[in-house]
Amino acid sequence: MAQEHEIICEIRGAAGVVVLDRPKALNALSLGMVRELARALDAWENDPQVTRVVVISTSAKAFCAGGDIRWLHDRGKAGAHDDMLAFWAEEYILNHRIKTYPKPYISLIDGIVMGGGVGLSVHGSHRIAGDRYLFAMPEVGIGFFPDVGATYALPRLPGAFGTFLALTGERIGAADAASVGLATHGVASDRMAELADALTGRSSIDDILAGFTLQRGPGPLEGARATIERCFGLAELSGIIARLQAEADRGDAFAGKTLQTIATKSPTSVAIAHEQMRRGVDLDFAEAMRTEFRIVSRIAHGHDFYEGVRAVVVDKDQAPRWRPGTLAEVEPSAIEAYFAPLGPDELKLGA
C-alpha cells in the first residue's frame with residue numbers, strides 16, 4: 001500500500017486490482033500514487049496469477065480528477081521546478097507503460113475523469129463508463145495543456161472531436177464519450193461494484209462485460225457533431241476561430257457559445273493545444289509523450305500556468321490575467337519553442 005493509503009494495489013483472484021483511495025481530493029494523483037501503480041504493473045506483468053488489471057475508485061464523485069495541480073503550483077512558485085518535472089516525467093512514463101501493457105487494463109469510470117485521470121484510463125484496453133461519467137481535458141483553462149498522452153489520443157477521435165475537446169476543455173458524459181470511442185463500454189452505476197467483483201474471476205473479459213453492458217442513446221453533443229467537424233477540422237487555428245464566428249453569425253448558438261468558451265482560456269494554451277493536435281496525428285505514442293515533456297518543461301518556467309491555478313484553485317476569483325491576453329498576440333515562434341527538443345533532458349522511456 002502507498003503512504004497514507006492513497007492507492008491500494010492488490011491481487012484479487014485473477015486480477016491485479018488498483019483502488020484509487022484519495023476521495024477528499026477526488027483522487028488527484030500524487031507522486032506516491034504514480035510510483036505505487038508503476039511498481040504494481042511491474043510486479044503483475046510476469047505474474048501468471050494476474051490475467052488482467054482492474055482500476056476502480058472509492059469515490060462516488062470521481063474516478064480521478066487529475067494531477068495535484070495545487071502541489072505543482074506551489075512547488076513552482078517556490079522555485080522547485082525539478083520537483084515538478086520529476087512528477088511529470090514519472091507520470092508520463094506511467095502513461096506509456098499503460099499504453100504498452102501486455103495484459104488487459106480495465107478502468108471502471110463512474111464520476112469525474114479529467115487530466116491525469118484520463119492518462120490513467122484512456123490508454124488501457126477497456127474504459128467502462130458509468131452513469132455519472134464526466135470526461136474533460138480542461139487544461140487550457142488553467143494555463144496548461146492537454147497532456148498525459150492527449151497528444152496521441154485526441155487527434156485520433158473521429159470528426160475533429162478531439163481538437164474540440166482540447167481547445168475548449170468541454171465536459172462530456174458517457175453517451176458522447178462512447179460515440180467517439182473514449183469509453184469502450186457502458187454500465188449502470190449501481191452495477192459497477194458487481195462488475196468489479198466479476199472481473200476478478202477467470203471468465204473471459206468479453207463474456208463478463210456482455211452481461212453488464214448497456215447501450216446509451218445519443219449524447220447532448222450529437223446534434224453539434226457536424227458543426228464541430230466543419231470548424232475544428234480546419235488546419236489553422238485562425239481558420240477554426242473564423243469558421244466558428246461565421247457559423248455563429250448565421251445563428252448557430254453552439255458555435256457562438258464555443259467561441260465564448262475559447263475566449264476565456266489562456267491564448268498561449270489554446271495555441272499549444274492546437275499545435276499538439278496538428279502534430280499528434282502523425283506521432284507514435286512514445287514520441288507524443290516526449291513532445292509533452294518538452295512542452296511541460298517550458299510551461300513550468302512560464303506565467304500562465306501559475307496565473308491559471310491562482311485564479312481557479314488558490315484565490316478562486318475566476319479572473320486570470322493571461323500573458324499575452326489574446327490569440328492575436330500569440331507569436332507563432334513562441335509556440336514553436338515549446339516543441340523544441342530538450343537534448344539530454346528528453347523524457348527517457350523504456351522499450
Side-chain angles (χ1 to χ4, degrees), residues 1-23 27 29-30 32-64 91 93-113 116-133 135 148-149 174 177-178 181-214 350:
M1 294 185 185
Q3 189 177 21
E4 297 180 1
H5 312 309
E6 294 175 337
I7 185 171
I8 301 165
C9 302
E10 60 188 14
I11 297 173
R12 300 180 191 172
V17 177
V18 178
V19 184
L20 304 176
D21 190 24
R22 198 185 178 198
N27 292 332
L29 280 179
S30 66
M33 295 167 74
V34 169
R35 289 175 172 170
E36 186 69 9
L37 178 52
R39 281 193 291 267
L41 293 179
D42 287 345
W44 294 338
E45 179 174 357
N46 297 309
D47 187 334
Q49 181 179 341
V50 177
T51 65
R52 65 205 63 176
V53 175
V54 179
V55 188
I56 60 177
S57 163
T58 60
S59 169
K61 295 180 179 179
F63 174 79
C64 172
E91 183 183 26
I93 290 167
L94 177 62
N95 299 147
H96 183 260
R97 185 82 168 101
I98 292 167
K99 177 66 176 176
T100 58
Y101 203 64
K103 295 181 178 182
Y105 182 102
I106 309 158
S107 299
L108 274 54
I109 309 167
D110 199 24
I112 296 167
V113 56
V118 174
L120 280 190
S121 56
V122 77
H123 310 306
S125 57
H126 298 74
R127 284 94 60 193
I128 318 302
D131 303 325
R132 296 183 290 255
Y133 177 104
F135 172 103
V148 297
L182 286 167
T184 59
H185 300 76
V187 171
S189 293
D190 61 9
R191 299 197 72 194
M192 278 292 202
E194 182 188 356
L195 173 58
D197 186 60
L199 286 167
T200 66
R202 298 202 170 271
S203 298
S204 151
I205 294 169
D206 288 342
D207 288 347
I208 293 169
L209 289 172
F212 287 84
T213 299
L214 57 82

Subject >> Smallest separation among heavy atoms of Gly13 and Arg202, with atom names >> reply: O-NH2, 3.9 Å
**OP:** For the residue pair Tyr133 and Phe135, categorise the inter-ring angle as parallel (less than 30°), tilted (30 to 60°) or perpendicular (more than 60°).
**Re:** parallel
**OP:** Please round to the nearest 0.5 Å and tell me the distance separating atom CD1 of Ile56 and atom CD1 of Ile106.
**Re:** 11.5 Å
Original post:
Would Ile128 and Phe212 satisfy side chain to side chain contact (heavy atoms under 4.5 Å, CB included), going step by step from the backbone distance to the final call?
Top reply: CA-CA 10 Å; Ile128 318 302; Phe212 287 84; over 6 Å; no
Original post:
Measuring from Asp110:CG to Phe63:CZ, what's the distance to the nearest 0.5 Å?
Top reply: 11.0 Å
**OP:** List for me each residue that meets salt bridge (Lys or Arg N to Asp or Glu O under 4.0 Å) alongside Arg22, sequence neighbours excluded, and say none if there are none.
**Re:** Glu6, Asp68
**OP:** Mind listing the closest non-hydrogen atom pair of Cys64 and Leu29 along with its distance?
**Re:** SG-CG, 3.9 Å
Subject >> Interatomic distance, Met33 atom CE to Cys9 atom SG [nearest 0.5 angstrom] >> reply: 9.0 Å
Original post:
Stepwise, does the side chain to side chain contact (heavy atoms under 4.5 Å, CB included) test hold for Leu41 with Ile98?
Top reply: CA-CA 8 Å; Leu41 293 179; Ile98 292 167; 4.1 Å; yes
**OP:** Identify the two heavy atoms, one from Pro104 and one from His126, that lie closest to each other, and give their separation to 0.1 Å.
**Re:** CB-CE1, 4.4 Å
**OP:** Apply side chain to side chain contact (heavy atoms under 4.5 Å, CB included) to Ile11 and Asp47, showing your working.
**Re:** CA-CA 10 Å; Ile11 297 173; Asp47 187 334; 3.5 Å; yes
Original post:
Excluding sequence neighbours, so at least two apart, what forms salt bridge (Lys or Arg N to Asp or Glu O under 4.0 Å) with Asp207?
Top reply: none
Subject >> Heavy-atom side-chain contact between Val118 and Leu182 under 4.5 Å >> reply: no
Subject >> Closest non-hydrogen atom pair between Arg191 and Gly211, with its separation >> reply: NH1-O, 3.1 Å
Original post:
What distance do Asn46 atom CG and Lys103 atom NZ have between them, rounded to the nearest 0.5 Å?
Top reply: 7.0 Å
Subject >> Arg97 side chain near Leu37 side chain, heavy-atom distance below 4.5 Å >> reply: no
Original post:
Would a 4.5 Å heavy-atom cut-off, applied to side chains only, mark Ser121 and Val55 as touching?
Top reply: no
Original post:
Taking atom CD1 of Ile208 and atom CD of Glu194, what is their separation to the nearest 0.5 Å?
Top reply: 11.0 Å
**OP:** Report yes if some heavy atom in the side chain of Glu91 is under 4.5 Å from a heavy atom in the side chain of Val148; otherwise report no.
**Re:** yes
**OP:** Could you tell me whether a side-chain N or O of Lys99 sits under 3.5 Å from a main-chain N or O of Gly149, the two making a donor and an acceptor?
**Re:** no
Original post:
Roughly how far apart are Ser204 OG and Asp206 CG, rounded to 0.5 Å?
Top reply: 4.5 Å
**OP:** Check step by step if side chain to side chain contact (heavy atoms under 4.5 Å, CB included) holds for Leu120 and Val18.
**Re:** CA-CA 11 Å; Leu120 280 190; Val18 178; over 6 Å; no
Original post:
Applying side chain to side chain donor-acceptor pair (under 3.5 Å), which residue pairs with at least one partner in residues 49-62 are found, sequence neighbours left out?
Top reply: Asp21-Thr58, Asn27-Ser57
**OP:** Would you indicate whether the side-chain heavy atoms of Val54 and Thr200 approach each other to under 4.5 Å?
**Re:** no
**OP:** Could you tell me whether a side-chain N or O of Ser107 sits under 3.5 Å from a main-chain N or O of Arg127, the two making a donor and an acceptor?
**Re:** no
